[in-house]
Amino acid sequence: MAAAATRSSKTESYVDNKRKDDVRQSNIIAGRTVADAVRTSLGPKGMDKMIQNGNGEVIITNDGATILNKMEVLQPAAKMLVELAKSQDIVAGDGTTTVVVIAGALLKQCLILLNNGIHPTVISESLHKVSEKSVDILTAMAVPVELSDRDSLIKSASTSLNSKVVSQYSTLLAPLAVDAVLSVLDPAKPNLIDLRDVKIVKKLGGTVDDTELVKGLVFDKKVSHSAGGPTRVENAKIAVIQFQISPPKTDIEQSIVVSDYTQMDRILKEERNYILSMIKKIKATGCNVLLIQKSILRDAVTDLSLHYLAKAKILVVRDVERDEIEFITKTLNCLPIANIEHFREEKLGRADLVEEVPLGDGGKIVKITGIQNMGRTTNVLVRGSNQLVLDEADRSLHDALCVIRCLVNKRFLIAGGGAPEIELSRQLGAWSKVLHGMESYCVRSFAEALEVIPYTLAENAGLNPIAIVTELRNRHAQGEINAGINVRKGQITNILEENVVQPLLVSTSAITLATECVRMILKIDDIIMVR
């Protein structure tokens, strides 16, 4: 009897799978909750979110990555969706809401498949196949584009801007983004663009209409006026200095005791001579504009040194941030000077004009234009009536710049408006009939999941989602690959003719990243707490 009991225990051991299922289910539900939170802000008619943080600051935004970044997500699986939006922001810069919504829809289908008793590994393998097949289908749909074709670039930038808060300004911001990216494109490395070369300077006041592209440098600062120095210099020779024009201090805290007036005069006289000798060296090189880096240890300039600099007719911009130095020197094609002894003429940058420009509302900026041998950089001066609009304009412009960068990396355009997703859904559905076994079943349900994008677009625009998506499927089945939802007219039209286009990279990376994230969540069967 005992022998029979041991034999059966070896062959039939009871494994409790309940906990594993529960963990998976809670992970999937948490992920879907995050996806549902941003779902309403998808598309040109999507709603905006108002985010208030602990110290009362308010952000109004439509950008999926920003919303998720600011949300305090505690559940570990839900955090993966936040990371997903971040990685889409890094890879493509746009489509951050799309990628989370797709992941949410895939998770929903995974839950149904799991409840039907299909093993997670099978689901995960099918997902991998779906993602590879999707990239092939999308690439086949895409239309090649040349960088010289400025109109196509502007169309894709304005599609990205249309879903943002500042969409009414897309006619101004889209060409601006295109020109900014094309001006920093290096012919030697045609596929590489570093968006750090496009500096966005935000200045409160005016409206978004006053936003402009500046060929040169812009500082969100005033010229130092305290001693009546010049505010406009032509044929400027510009020095970027990292040392202080002020009397030296001792390294340690110590006090100097002065017993009589003659000694005091001597100290002041020495200070004066010290500053004067520095300024004479600066003047000797013909330098007439100084950009002075912010200093922590002691004052970068004192009233006395400003007075002498003003007498020497040198324009001074002080408190230049340390992290801006690299951009400034690259633009001016000069070298930063760290010590007065190394102050030589060949380290200076040259420009036709440096001037302080008043902006109608009391603010002032410093503009440097006509720079000789200028580096491949550009400045965008963004204006806005309040801080919320200004920040949102900055984020939207960044997305538009990223879209152009995607087109530079991968020169293909694809239709927008839910067209690629429905086409994917249709072709994957047809492909699932060729496959065998569980795979076919999984692929079919993932094909259905992709319909979430057109469905949500229609829903957010206040249309009847079921009627629209059915009609859209019908049109695609008849071979109209580029039929999509025209949100403005509330019907289905050829989206390419309506100029709603997006870079191929945005769509392909959205699908691959979403499937990757969902596969990861599926593979997790337990959460272990570690101190």
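Keep in mind that this is a model prediction, so the values were computed, not measured.
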Mind listing the closest non-hydrogen atom pair of [X] and [Y] along with its distance?
{"X": "Leu113", "Y": "Ser445", "value": "CD1-OG, 3.4 Å"}
{"X": "Leu147", "Y": "Leu153", "value": "O-CD1, 3.7 Å"}
{"X": "Ile325", "Y": "Pro336", "value": "CG2-CB, 4.1 Å"}
{"X": "Ala78", "Y": "Val34", "value": "CB-CG2, 3.5 Å"}
{"X": "Thr61", "Y": "Glu392", "value": "OG1-OE1, 3.1 Å"}
{"X": "Asn62", "Y": "Ser163", "value": "ND2-O, 2.8 Å"}

Q.
Around atom NZ of Lys108, are there more than 12 heavy atoms from other residues, nucleotides or ligands closer than 6.0 Å?
A.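 Counting neighbours around NZ of Lys108, 12 or fewer heavy atoms of other residues, nucleotides or ligands fall under 6.0 Å, so no.
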Q.
Take a 6.0 Å sphere around CD1 of Ile466 and say whether it holds more than 12 heavy atoms from other residues, nucleotides or ligands.
A.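 No - once you tally the heavy atoms of other residues, nucleotides and ligands closer than 6.0 Å, there are 12 at most.
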Q: State which residues pass side chain to side chain donor-acceptor pair (under 3.5 Å) with Asp197; sequence neighbours excluded, sorted by chain then number.
A: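 Checked Asp197 against side chain to side chain donor-acceptor pair (under 3.5 Å); matches are Lys330.
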Q: Give a yes-or-no answer on whether the side chains of Lys222 and Thr231 include a donor-acceptor pair shorter than 3.5 Å.
A: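 Their side chains do not contain a donor-acceptor pair, so the 3.5 Å distance test is not met.
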Q: With sequence neighbours left out, write down each residue that passes salt bridge (charged side-chain N to carboxylate O under 4.0 Å, His left out) with Arg350, or none if nothing qualifies.
A: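 Arg350 satisfies salt bridge (charged side-chain N to carboxylate O under 4.0 Å, His left out) with Glu345 only.
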Q: Quick one: list whatever passes salt bridge (charged side-chain N to carboxylate O under 4.0 Å, His left out) with Asp394, sequence neighbours left out.
A: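 Here the qualifying residues are Lys202.
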Is it the case that the side chain of [X] and the backbone of [Y] share a donor-acceptor pair, with hydrogens and angles ignored and the cut-off at 3.5 Å?
{"X": "Glu356", "Y": "Val223", "result": "yes"}
{"X": "Arg383", "Y": "Gly205", "result": "yes"}
{"X": "Asp210", "Y": "Thr207", "result": "yes"}
{"X": "Ser124", "Y": "Pro120", "result": "no"}
{"X": "Gln75", "Y": "Ala77", "result": "yes"}
{"X": "Gln88", "Y": "Asp94", "result": "yes"}
{"X": "Asn460", "Y": "Thr40", "result": "yes"}

Compare all side-chain heavy atoms of [X] with those of [Y] and state whether any distance is below 4.5 angstrom.
{"X": "Asn333", "Y": "Ile371", "result": "no"}
{"X": "Glu421", "Y": "Glu451", "result": "no"}
{"X": "Ile102", "Y": "Val518", "result": "no"}
{"X": "Ile511", "Y": "Leu424", "result": "yes"}
{"X": "Ile59", "Y": "Lys49", "result": "no"}
{"X": "Val58", "Y": "Met50", "result": "yes"}
{"X": "Cys334", "Y": "Thr329", "result": "yes"}
{"X": "Ile492", "Y": "Glu480", "result": "no"}

(Q) So that I can tick it off, tell me whether Glu423 and Arg426 are bridged by a salt bridge, with the cut-off set at under 4.0 angstrom between side-chain N and carboxylate O. (A)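 Here Arg426 pairs with Glu423 in a salt bridge, since their nearest N and O are under 4.0 Å apart.
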Q: Output yes when Glu498 and Arg488 qualify as a salt bridge under the 4.0 Å nitrogen-oxygen rule, no when they do not.
A: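 Salt bridge between Glu498 and Arg488, a charged N being under 4.0 Å from a carboxylate O: no.
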Spacing of [X] atom [atom1] and [Y] atom [atom2] [to the nearest 0.5 Å]:
{"X": "Gln502", "Y": "Leu407", "atom1": "CD", "atom2": "CG", "result": "10.0 Å"}
{"X": "Ile200", "Y": "Arg395", "atom1": "CD1", "atom2": "CZ", "result": "11.5 Å"}
{"X": "Lys129", "Y": "Thr515", "atom1": "NZ", "atom2": "OG1", "result": "14.5 Å"}
{"X": "Ile328", "Y": "Thr377", "atom1": "CD1", "atom2": "OG1", "result": "10.5 Å"}
{"X": "Leu413", "Y": "Leu504", "atom1": "CG", "atom2": "CG", "result": "9.0 Å"}
{"X": "Glu125", "Y": "Ile123", "atom1": "CD", "atom2": "CD1", "result": "11.5 Å"}

Q | Evaluation steps, side-chain contact (heavy atoms from CB on, under 4.5 Å), between Ile485 and Leu463 | A | CA-CA 10 Å; Ile485 303 172; Leu463 309 170; 4.2 Å; yes
Check residues 65-73 and write down every donor-acceptor pair under 3.5 Å in which the side-chain atom is one partner and the other belongs to a residue at least two apart or another chain.
unit_1: Thr66; atom_1: OG1; unit_2: Asp63; atom_2: OD2; d: 2.7

Q: Go through Val130 and Lys133 one step at a time and tell me if the side-chain contact (heavy atoms from CB on, under 4.5 Å) criterion holds.
A: CA-CA 5 Å; Val130 163; Lys133 179 80 174 168; 5.8 Å; no
Q. Looking at Thr159, Val487, Asn162, which one forms a side chain to side chain contact (heavy atoms under 4.5 Å, CB included) with Val500?
A.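 Only one of Thr159, Val487, Asn162 forms a side chain to side chain contact (heavy atoms under 4.5 Å, CB included) with Val500, namely Thr159.
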Q: Please step through salt bridge (Lys or Arg N to Asp or Glu O under 4.0 Å) for the pair Arg196 and Glu326, ending with a clear verdict.
A: CA-CA 10 Å; Arg196 283 175 300 195; Glu326 188 186 345; over 6 Å; no
(Q) Pair Arg150, Asp179 - check side-chain contact (heavy atoms from CB on, under 4.5 Å), show working. (A) CA-CA 9 Å; Arg150 191 159 170 267; Asp179 294 341; 3.0 Å; yes
(Q) Considering only residues two or more places apart or on different chains, which pairs with a residue in residues 396-408 satisfy side-chain hydrogen bond (donor to acceptor under 3.5 Å, both in side chains)? (A)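 Output for this query lists Lys164-Asp399.
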Q: I would like to know whether Thr369 and Asp352 meet side-chain contact (heavy atoms from CB on, under 4.5 Å); could you show each step before the answer?
A: CA-CA 6 Å; Thr369 46; Asp352 295 345; 5.9 Å; no
Which donor-acceptor pairs under 3.5 Å do side chains of residues 212-220 form with protein atoms, sequence neighbours excluded?
unit_1: Glu212; atom_1: OE2; unit_2: Lys367; atom_2: NZ; d: 3.4
unit_1: Asp220; atom_1: OD1; unit_2: Lys203; atom_2: NZ; d: 3.0

